Amino acid sequence: MKVKGQHYRTIWFAPPVVFLIEQNLLPFSFQIVKCADFQATCRAIKNMTVRGAGAIGAAAGFAMAQALLAKVDPLKAKKEIEATRPTAQNLFYAAERVFQAADPVACAQKIADEDAASCQRIGELGSQLIIDGMRIETHCNAGWLAFVDYGTALAPIYAARDQGKNVFVYVDETRPRGQGARLTAWELFNEKIPHAIIPDNAGASLMSQGKVDMVIVGADRIAANGDVANKIGTLEKALAAHEYGIPFYVAAPTATIDLQCASGQDIPIEERSEKEVTHQSGINEEGQNSTILVCSPGSTAYNPAFDVTPAKYITKIITERGVVAAPAALFL
Ligand code: MRU
């Protein structure tokens with residue numbers, strides 16, 4: 001996608017260096033970070049310089065290739081990469097594939113290219129579900145920043161816009177880290193797609209008033225039975241959409257499907273620091289980065305980063321191989 005007229009991928013590899021967009025600084029500052037070795041790429045995944053299932057999948061593949069180029073013990077490196085974040089399946093998929101590959105650099109590049117191509121196809125297929133004038137709600141950021149390019153939940157919206165359809169997007173702010181307010185809104189603003197950031201707790205009310213025609217979200221891991229782990233708060237949107245008869249779509253590449261997880265109960269859910277809940281970051285009126293306490297001093301917090309939406313609340317899953325009711329249909 002383009003930033004100020006120039007095309008960027010979220011992450012790319014010029015061996016031995018991995019380049020990535022520093023997502024913690026967006027939307028206030030656009031900077032490219034260089035990771036010279038696999039440890040630096042691991043740190044970038046861990047501290048969420050790079051985030052989103054497809055993007056951290058590509059990062060994990062590149063990190064594995066960096067480790068192999070540097071003759072680091074492959075098993076040790078793979079374990080270190082896999083310990084960076086626990087929920088997104090793409091990370092484990094990519095680390096394993098590159099670990100097994102005869103040509104790790106070519107394999108890692110291929111995984112990144114496949115991610116971009118899958119997302120482009122998800123956009124084409126998903127756009128067929130969008131009717132001119134629709135108002136679409138999305139949660140978190142499953143745009144191009146969360147993948148190598150195009151995105152998943154936002155790809156159908158971009159494709160529908162390119163087809164001349166008018167769409168309006170309700171962007172859940174997605175506390176505590178604000179990926180909706182900071183990243184999805186930034187993407188949509190750059191693409192001149194009309195949108196409104198809404199408080200996380202507004203979705204059900206808007207749905208009850210007939211203001212939402214469709215919900216599209218991404219996925220971090222999809223279990224064999226079709227249960228979906230996605231950013232915390234997704235489940236509430238799915239329940240509300242079900243109650244009000246609003247189609248609820250999940251868009252994800254097949255690299256996000258984990259057939260080893262029979263159901264959502266088997267998906268590891270990341271718990272993150274209390275500070276993400278008790279504090280908020282942004283820029284102050286002088287334009288400087290600032291972090292402030294936003295709760296009663298001394299209170300503790302609990303911060304699960306993902307939730308699991310049972311398959312029964314999901315209308316269809318949009319993948320690069322087709323729009324399906326259950327993942328099993330893709331692997332027959
Ligand atoms: O914690 P993050 O920002 O890495 O979470 C990933 C996400 O952005 C969402 O869960 C998203 O909806 C699916 S991943 C494209």
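By convention here, the first residue in the shown sequence is residue 1. In each ligand, atom 1 is the first atom listed, and ligand 1 is the first ligand listed. If you're wondering where the values come from, they're calculated on a predicted model, not measured in any experiment.
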*Just checking, any donor-acceptor pair under 3.5 angstrom between side chains of N141 and R51?*
yes
Output block, N or O contacts of ligand 1, threshold 3.5 Å exclusive:
from: ligand 1; atom 1: 1 (O); to: R85; atom 2: NH2; distance (Å): 2.8
from: ligand 1; atom 1: 1 (O); to: K231; atom 2: NZ; distance (Å): 2.6
from: ligand 1; atom 1: 3 (O); to: R51; atom 2: NE; distance (Å): 2.9
from: ligand 1; atom 1: 3 (O); to: R51; atom 2: NH2; distance (Å): 3.2
from: ligand 1; atom 1: 3 (O); to: Q179; atom 2: NE2; distance (Å): 2.9
from: ligand 1; atom 1: 4 (O); to: G52; atom 2: N; distance (Å): 2.9
from: ligand 1; atom 1: 4 (O); to: R85; atom 2: NH1; distance (Å): 2.7
from: ligand 1; atom 1: 5 (O); to: K231; atom 2: NZ; distance (Å): 3.4
from: ligand 1; atom 1: 8 (O); to: R51; atom 2: NH2; distance (Å): 2.4
from: ligand 1; atom 1: 8 (O); to: N141; atom 2: O; distance (Å): 2.9
from: ligand 1; atom 1: 10 (O); to: D220; atom 2: OD2; distance (Å): 2.5
from: ligand 1; atom 1: 10 (O); to: N230; atom 2: OD1; distance (Å): 3.0
from: ligand 1; atom 1: 10 (O); to: K231; atom 2: N; distance (Å): 3.2
from: ligand 1; atom 1: 12 (O); to: N230; atom 2: OD1; distance (Å): 2.7
from: ligand 1; atom 1: 12 (O); to: N230; atom 2: ND2; distance (Å): 3.3

*For K165, look at atom NZ and say whether over 12 heavy atoms of other residues, nucleotides or ligands are found less than 6.0 Å away.*
yes
Would you tabulate the side-chain donor-acceptor contacts of residues 153-160 under 3.5 Å, counting partners in other chains and residues two or more places apart, or write 'none'?
from: Y158; atom 1: OH; to: E187; atom 2: OE1; distance (Å): 2.6

_Check against side chain to side chain contact (heavy atoms under 4.5 Å, CB included), W186 and L145_ = CA-CA 10 Å; W186 182 76; L145 288 168; 3.8 Å; yes
*asked:* According to side chain to side chain contact (heavy atoms under 4.5 Å, CB included), who are the partners of T309, at least two apart in sequence or on a separate chain?
replied: T234, L235, A238, D307, Y313, I314
*Of all residues at least two apart in sequence or in a different chain, which pass the ring-ring contact (aromatic ring centres under 6.0 Å, His included) check with F30?*
Y8
